[in-house]
Amino acid sequence: MDMSFNDAIGLYRDVIRRFEKIEGRPWGAEGAVMELAKQVGELAKYVMQQEKYYFFSVDAEENKKNISDELADVFGQIIRIADYYKFDLLEAHIEARKGEARCLDENGA
C-alpha cells in the first residue's frame with residue numbers, strides 16, 4: 001500500500017471517530033497517554049520475546065506481526081495526543097529534525 005504520512009494519520013482519525021461513536025465520548029490527553037503507555041509496554045514485551053530475553057520460545061514470525069501491530073498502536077495514540085493539542089504531527093516532526101541537524105552541525109558531527 002502506497003500511503004503518505006498524512007494519509008496514514010487520516011486513516012487512524014477515521015478509526016478514532018468510529019471508536020468514539022461506540023464509546024460515547026472522545027478521549028482526553030490522559031486516556032491517550034495511558035493507552036500509549038500500555039501499548040509501549042506490549043511492544044517492549046514482544047521485542048524482549050523476539051530478542052530472546054525470556055526463557056520460553058515464541059513463533060518468530062507471529063511475534064514480528066505482534067511487534068508491527070504494537071508499533072501501529074503506538075503511532076495511533078501519538079496521533080490522538082497530537083490532535084488533542086492541535087499539533088500538526090508532520091510539521092512537528094520536520095521541525096524536530098531541523099533542530100537535531102543544527103545541534104549535530106554545531107558539534108561537528
Rounded to the nearest 0.5 Å, what separates atom [atom1] in [X] from atom [atom2] in [Y]?
X: Ile9; Y: Ile16; atom1: CD1; atom2: CD1; answer: 10.0 Å
X: Gln49; Y: Asp59; atom1: CD; atom2: CG; answer: 11.0 Å
X: Ser68; Y: Leu43; atom1: OG; atom2: CG; answer: 10.5 Å
X: Arg80; Y: Asp83; atom1: CZ; atom2: CG; answer: 9.5 Å
X: Glu70; Y: Lys38; atom1: CD; atom2: NZ; answer: 7.5 Å
X: Asn66; Y: Lys45; atom1: CG; atom2: NZ; answer: 7.5 Å

For this session: Take Leu11 and Asp7 through the side chain to side chain contact (heavy atoms under 4.5 Å, CB included) test and state the conclusion after the steps.
Result: CA-CA 6 Å; Leu11 179 67; Asp7 289 342; over 6 Å; no
For this session: I would like to know whether Arg17 and Asp14 meet side chain to side chain contact (heavy atoms under 4.5 Å, CB included); could you show each step before the answer?
Result: CA-CA 5 Å; Arg17 280 190 283 279; Asp14 289 342; 2.4 Å; yes
Do [X] and [Y] belong to the same hydrophobic cluster, where Ile, Leu, Val, Met, Phe, Trp and Tyr are linked whenever their side-chain heavy atoms lie under 4.5 Å apart, directly or via other members?
X: Leu89; Y: Met3; result: no
X: Tyr54; Y: Val47; result: no
X: Val15; Y: Phe75; result: yes
X: Val40; Y: Met34; result: no

Problem set entry | Minimum-distance pair of heavy atoms, taken over all atoms of Tyr84 and Gly28 |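 Nearest pair, atom of Tyr84 first, then Gly28: CE1-CA, 3.8 Å.
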Exercise. Gln50 and Lys64: side chain to side chain contact (heavy atoms under 4.5 Å, CB included), yes or no, with the steps?
Worked result: CA-CA 7 Å; Gln50 192 70 18; Lys64 281 184 180 181; 3.7 Å; yes
For this session: List the steps, then state whether side chain to side chain contact (heavy atoms under 4.5 Å, CB included) holds for Glu42 with Tyr46.
Result: CA-CA 6 Å; Glu42 290 290 310; Tyr46 292 126; 3.8 Å; yes
Problem set entry | Carboxylate-amine/guanidinium proximity below 4.0 Å for Arg97 and Glu100 |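 Judged by the 4.0 Å cut-off on N to carboxylate O distance, Arg97 and Glu100 do form a salt bridge.
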Exercise. Are any of the side-chain heavy atoms of Glu35 and Trp27 separated by less than 4.5 Å?
Worked result: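 A side-chain contact under 4.5 Å exists here.
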Within a reach of under 6.0 Å around [atom1] of [X], are more than 12 heavy atoms found that belong to other residues, nucleotides or ligands?
X: Phe19; atom1: CZ; answer: no
X: Phe5; atom1: CZ; answer: yes
X: Phe56; atom1: CZ; answer: yes

For this session: For the residue pair Tyr12 and Gln77, confirm or rule out a side-chain donor-acceptor distance under 3.5 Å.
Result: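 Yes, side-chain donor-acceptor contact under 3.5 Å.
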